[in-house]
Colleague: 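What follows is a structure written as structure tokens; I'll ask about it next.
Here is the naming used below: chain letters follow the sequence lines, and residue numbers restart at 1 for every chain.
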Amino acid sequence: MNEANQTVTGGKELISFRIGEQEFCVDIMAVREIRGWTPATPLPQSPSYVRGIINLRGAVLPVVDLAARLGLGAADPSDRHVIIVARIGERWVGLLVDAVSDILAASEEAIQPAPDVACDTVRKFVRGVLPVEGRMISLISLDHLLPEKEAEAA
Amino acid sequence: MDPMESIKATFFLECEELLGDLEAGLMALENGEGDDETVNAIFRAVHSVKGGAGAFGLDDLVRFAHVFETALDRMRSGQIAAAGDAVKLMLRAADVLADLVQTARDGGPGVEQQRSMAIAAELEALSEGRDPAPANADGELAIDTVPDDAGIDGLDFTPQTVSLDLPADLEAAAPAPVGWRIRFRPNTDLYAKANDAAFLLRELEGLGECQVTPDLSGLPAFDDLDPEVSHLAWEIELSGECSEAAIREVFEFAEGDCELEIAQLDHHAGSAALPPGPDPAGPEISLSDANAELMAELPGPVAAPVASDKPAKPQAQPASATAPAQATIRVELDRVDRLIDLVGELVINQAMLAQRASESDLGRSNGVSMALDDLEQLTREIQDSCMAIRAQPVKSVFQRMPRLLREIAAMTGKQVRLVTEGEGTEVDKTVIERLTEPLTHMVRNAVDHGLETPGERKGAGKPEEGTVRLSAVHRSGRIVIEVADDGRGINRERVRQKAVDRGLIDASAALSDEEVDNLIFHPGFSTADQVSDISGRGVGMDVVKRSIQALGGRISISSRPGEGSVFTLSLPLTLAVLDGMVVTCAGETLVAPLTAIVETLKPRPEDLEKFGPQGRLLKVRDTYVPLIDVGVRLGWRTSGTDPAQCVVLLVETESGGRAALLVDAIQGQRQVVIKSLEANYQRVDGVAAATILGDGRVALILDIDAVISSRRAPPPTGQASLAKAS
């Protein structure tokens, strides 16, 4: 799943998932695996959307509650929640979401720029929107999901 | 990397080993422990450095090594006694050689010419002083024949200007020259061992005038030429007064890798026996051309010593009869670390598997349980073996000390002898690397502060020569290193006075001897009356202590007035694991580094005191230390825990401060594998790293210093929700 070929010329494959009522997606090339929720060890001095750290086959992986990060309210994780293990820059991060729904192929043109709304969170994390079969899916940009190093750690 | 560069890098690596052997050998001689084999080993070390340096055109190095070698040669043949001043001189020469190697490697200002010249002159005097007959190799000669480039030029063996630098009187004074005819056919192995026929021929020229004739009969047609196989042979007519032994010596390192015939040649028979050889210039030139073409196409030059990097297959020659080389390989550290990481994961996985199996109520005699036991044993063995790959003997650190000691001794006018023990004791490479600096500092201190001047020692009825003892030993999973001197010991009166002067302690404080001794580890404390060149550069024992603690180690001192001091370092064998105390706090599992924990205790309600609006103090044997609730500090709970229901870890920070950490319960002591938080996340205040427990969950390793120093910081907002996160 992590090494999927790009079948659509000039386009990309996306993994879509659900948080509450909304649907989001990320580039499949950034995703290494999807695993079930395991309790995380909470970290001191961390923003509330960082659930803590988990053990991924010997590596220590921070888990970000994507719902909290996007301002949708903290998730109450159950066995049905999943963690998407994705790469942000040089790091691997777990994204806590409600459920993974689909794999989509979309050309670059099909992705519309995010409509200009006044919400900072939207502007920071949503790269564009994608209409799929009458639903709207927001494409998440992973770059700023982790806390900014200096600002938050100080 | 440029292939030449990588070969050069290998050369410098080998140089380090060779220089180490050199110094070790000389030290043995100095202590009267050496024998002929030691001298031979020393000679070989210098010779190998010289050989390699010649191949890379490091002229300064070659020049010095040559003079050194000549002196050693005299020692080898018994003309110079292998003891006393001669050995001392050679130790200094070894230092210069080490500096020259370093300069050649790193560039930089280099060794002052004067110093190396002076030592070289002394060596020459030593060589000549005991042996007036200048019949053997002369310094200048070999130097000027060292090639600038060992590549194609290495084959450039025309005996052209050799006699230029031969002392004129040698030829004049030489009796009717006796001739030797030497047939020399190197095997492919010779080149594979980084030897070069050209060097050997040049060295022969040092013995007398040579007429070298190449034998090209073995040379195949160009198309069939295998560049990694030796095809050439030479016939050398050597005229000059030298013994067969001297000739054999030239070929010493090539022995077994070549066919060598040496026959005495009288004048008439010699010229008669030889067919009129081909003009040496003719074939030589075409050969060079052929090589030049080959060099352009092929990675391995025909006869250059660099071919050694791609070992040529030996043809029919069986392995040489020399002692079997120690089978070692050089491996990049990254690969080893990757392996260690993987094994770490394996160990955790195995522990998880075992836990699952025990949870699922399998009987002890069940096949699965038994197989799991075997698996556990195997994984432990694999882990130990992997750790052993990174382990290195402390020898590499200890080896730097003799030189340091000589230099300090020279600067302070003290006489010092270094005794080392347990050099073979192994510890992780990173520990070794980071041990060098503190150890250097301690040895320096031992001589500068610890030892008395020869005069004082004599007055105290001690031998004038002081002793510094450096020893290493494995003790219960740690390495213990001791630096001991037989000097004056710690002057407690002065230490105390100084501490009072600097406001470190109260003038009326009642301190035990041990506590006074430990004051020297206090930041900014230096007992030297004057800031000397050697120690007291504002770096005190506190820095040493901190760097040792950063390695997860501990340092202690014991001292007896008039008899000396002993500094004891206790270090973990590896930085990948940590001895920790596993504790529970606010429902989470935490690991506290054992090195920081002084003691654990159950607080009594009467020992608790309120201090300020929120602070609390705990009375531990008449001393009040701040009490810190770890759960609150990490934001896992708000205050309200009853300390009487908890356990206290009395910890000591790196700066010597103490504090009492309140946790819910102690689970036990365990060795844990350290996992970085920064790799995928970022530094977290109060947390040093993470580790993975047997149940597969992540536990945090406390950063004791950070927990204590920022105890005043209120927990940031957003913690309340986090506390319930899991």
Colleague: Quick one: does Pro44(A)'s side chain get under 4.5 Å of Leu700(B)'s, heavy atoms only?
Modeller: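 Side chain of Pro44(A) against side chain of Leu700(B), heavy atoms only: contact under 4.5 Å found.
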Colleague: Within the structure provided, determine whether Gln45(A) and Arg633(B) are in side-chain contact (heavy-atom separation under 4.5 Å).
Modeller: yes
Colleague: Against Val698(B), only a single residue in Leu61(A), Asn55(A), Leu43(A) fulfils side chain to side chain contact (heavy atoms under 4.5 Å, CB included); can you say which?
Modeller: Asn55(A)
Colleague: Would a 4.5 Å heavy-atom cut-off, applied to side chains only, mark Asn680(B) and Leu56(A) as touching?
Modeller: no
Colleague: Is the backbone of Ala679(B) close enough, under 3.5 Å, to the side chain of Arg91(A) for a donor and an acceptor to pair up by distance?
Modeller: no
Colleague: Which atoms form the tightest heavy-atom contact between Ala690(B) and Ile53(A), and what is the distance?
Modeller: CB-CD1, 4.1 Å
Colleague: Only pairs of heavy atoms separated by less than 4.5 Å count here; which of Leu346(B), Val687(B), Ile692(B) has the most with chain A?
Modeller: Ile692(B)
Colleague: Do you know which two heavy atoms are closest between Pro42(A) and Glu588(B), and how far apart they sit?
Modeller: CD-OE2, 3.2 Å
Colleague: Ser676(B) versus chain A, heavy atoms under 4.5 Å apart: side chain, backbone, both or neither?
Modeller: backbone
Colleague: Take a 6.0 Å sphere around CZ of Arg380(B) and say whether it holds more than 12 heavy atoms from other residues, nucleotides or ligands.
Modeller: no
Colleague: Is the CD atom of Gln377(B) crowded by more than 12 outside heavy atoms at less than 6.0 Å?
Modeller: no
Colleague: Is there a side-chain contact between Tyr681(B) and Leu146(A), using heavy atoms and a 4.5 Å cut-off?
Modeller: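 Side-chain contact under 4.5 Å: yes.
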Colleague: Heavy-atom count around Asp374(B) CG within 6.0 Å, excluding the residue itself: above 12?
Modeller: yes
